[in-house]
There are 2 protein chains.
Amino acid sequence: MYDIYFANFRKRVPLTYEEEALIKSYLSVKKVRKRQFLLQEYDVCRSVIFVEHGLLRSFSVDANGSEHIAQFAAEGWYISDLFSFLTEEPATFNIEALENSELVTISKLAHEELLEKCPKYEIFSRILLTDAYVALQQRMNANISKSLDERYATFVANYPDITQRIPQHMIASYMGTTPETLSRIRRRMASEK
Amino acid sequence: MYDIYFANFRKRVPLTYEEEALIKSYLSVKKVRKRQFLLQEYDVCRSVIFVEHGLLRSFSVDANGSEHIAQFAAEGWYISDLFSFLTEEPATFNIEALENSELVTISKLAHEELLEKCPKYEIFSRILLTDAYVALQQRMNANISKSLDERYATFVANYPDITQRIPQHMIASYMGTTPETLSRIRRRMASEK
DNA sequence: AAAAACTATTGATTTAAATCAATAAAATGA
DNA sequence: TCATTTTATTGATTTAAATCAATAGTTTTT
């Protein structure tokens, strides 16, 4: 049930069985079906979600009602509206299952207690955030400095698995462009090589 | 010399004098003049920089030779090429002083030793990263979902001070647009209200 | 004080991407 | 199985932004 969760944890920070048991006692498991929402905009985000199996997305909705995908999370990834989780302000993101999924969740209270009681959990959290920050910085930089073509190629190279599992228009949304434009980019790229 | 550094630290995590002294023993001070480089692309980034006074920017250079500003850092902010710092791979960013500046720097070795020896430093690092991640996530989301006009208005609202201190074309670069386009956005916004 | 470099604006033109619209194929559900 | 919804593609047109170019006002440097 928590296999992937702890495999992922141990990859970064080794754990004794006692520590694993302690952490496990703070976690919950949740199964959701495709299209089910884990978080709705304007609700407070009460948990950080780890994906054991399946696929989720987080997205915002703009003034015109169009959706903008902020993040995907497949096996071994975390997802949350971190701002809402930390401040307990209403969320600006929605989180939705794109496939039937098996999740491990941790509540704010559990997270805070673990940070205090378990130094390894604190270390793990810091490393996790560091990695997430670096990845986001690279995405941000690509966004202001690279063409759509390059960014699409990078996405496919970085996430071949996700590329296969989601409809194209969601990649377009993640990249901040339209489905039509992405379709034309793909045609161009296919003919050019 | 370290006033702003510790004021900023204590705002998030209270410190005893012993802890402050310990941390201080790992820090260095550096003064740089306008246009001086703290990091050049392809060098390994050996430190995380805290700005006591002054203003820095980090930027990448693309295949055409144009610069793209990733980040500004004024008093009380941190700046680094975190990927390079962590992995010791060559940096993809340059860091340059936009004003004469007074900096506090911490080396990788010092950072790692402090993380081990000083739990408060570990906590502080985690909180810092969390905040930085949330801010970057908001910037990223604005980038895929808002118009240039809105993003410029947000920048000015969020960083009125930096707006005053840097040339406009650098804000354009940070936003991923051209100086001409930003100039026209400003004209439009001025006439519309 | 003069020259050089930097900065911001504006106009004309080109290019890239969004929008509007239609269609067809594929997946999903009743 | 048939109807509905979702997905991807393509064409025509509009819109937004980049590019090219010129100018003028500022700063900075010598």
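Letters A, B, ... are given to chains in the order of the sequence lines, protein chains preceding strands, and every chain is numbered from 1.
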The nucleotide from C:dT10, C:dA17, C:dT19 with an atom nearest the side chain of A:Glu180 is C:dT19

Nucleotide D:dA8, atom P - distance to CD1 of A:Ile185 in whole Å:
14 Å

Between A:Ser183 and D:dA8, is there a side-chain N or O to OP1/OP2 distance below 4.0 Å?
no

For A:Arg165, is there an ion pair with A:Glu75 - N to carboxylate O distance below 4.0 angstrom?
yes

No-hydrogen, no-angle side-chain donor-acceptor test under 3.5 Å, A:Arg57 and A:Tyr174
no

Just to confirm, is there a sub-4.0 Å distance from OP1 or OP2 of D:dA17 to any side-chain nitrogen or oxygen of B:Thr177?
no

Got a sec: does the NZ of B:Lys120 have more than 12 other heavy atoms crowding it under 6.0 Å?
yes

So, does A:Arg35 get its side chain near the phosphate of D:dT6, meaning an N or O under 4.0 Å from OP1 or OP2?
no

May I have the distance from A:Ile144 (atom CD1) to D:dA18 (atom P), rounded to whole angstrom?
12 Å

For A:Asn64 and C:dC20, what is the distance between atoms CG and C1' respectively, to the nearest whole Å?
15 Å

Without decimals, in angstroms, what is the distance between B:Asn100 CG and D:dT28 P?
11 Å

Both conditions, 6.0 Å and 45 degrees, for the charged tip of B:Arg10 above the ring of B:Tyr17: are they met here?
yes

Can you tell me how far C1' of C:dT10 sits from CG of B:Leu182, to the nearest Å?
14 Å

Strictly by modelled atom types, are B:His68 and A:Asn141 linked by a side-chain donor-acceptor pair under 3.5 Å?
no

Looking only at D:dT10, C:dT28, C:dA17, the nucleotide nearest the A:Thr181 side chain is C:dA17

Does a side chain donor of either B:Tyr26 or B:Glu113 reach within less than 3.5 Å of an acceptor in the other side chain?
yes

Do A:Glu41 and A:Asn94 meet the criterion of a side-chain donor-acceptor pair at a distance under 3.5 Å?
yes

Does a side-chain N or O from B:Arg188 land closer than 4.0 Å to OP1 or OP2 of D:dA16, or not?
no

Using a cut-off of strictly less than 4.0 Å between a heavy atom of the residue and any atom of DNA chain D, enumerate the qualifying residues of residues 158-172 of chain A by number.
A:Pro167, A:Gln168, A:His169

Rounded distance (Å) that lies between atom P of C:dA16 and atom CE of A:Met175:
15 Å

Starting at CG of A:Leu148 and ending at P of D:dA17, how long is that distance when rounded to a whole Å?
13 Å

Please work out if B:Arg186 contacts a base, only the sugar-phosphate, or nothing of the nucleic acid, heavy-atom cut-off 4.0 Å.
sugar-phosphate

Return whichever of B:Ser147 or B:Lys34 has its heavy-atom-nearest nucleotide of DNA chain D closer to the 5' end.
B:Ser147

Considering only heavy side-chain atoms of B:Arg184, the closest of D:dA18, C:dG11, D:dT9 is C:dG11

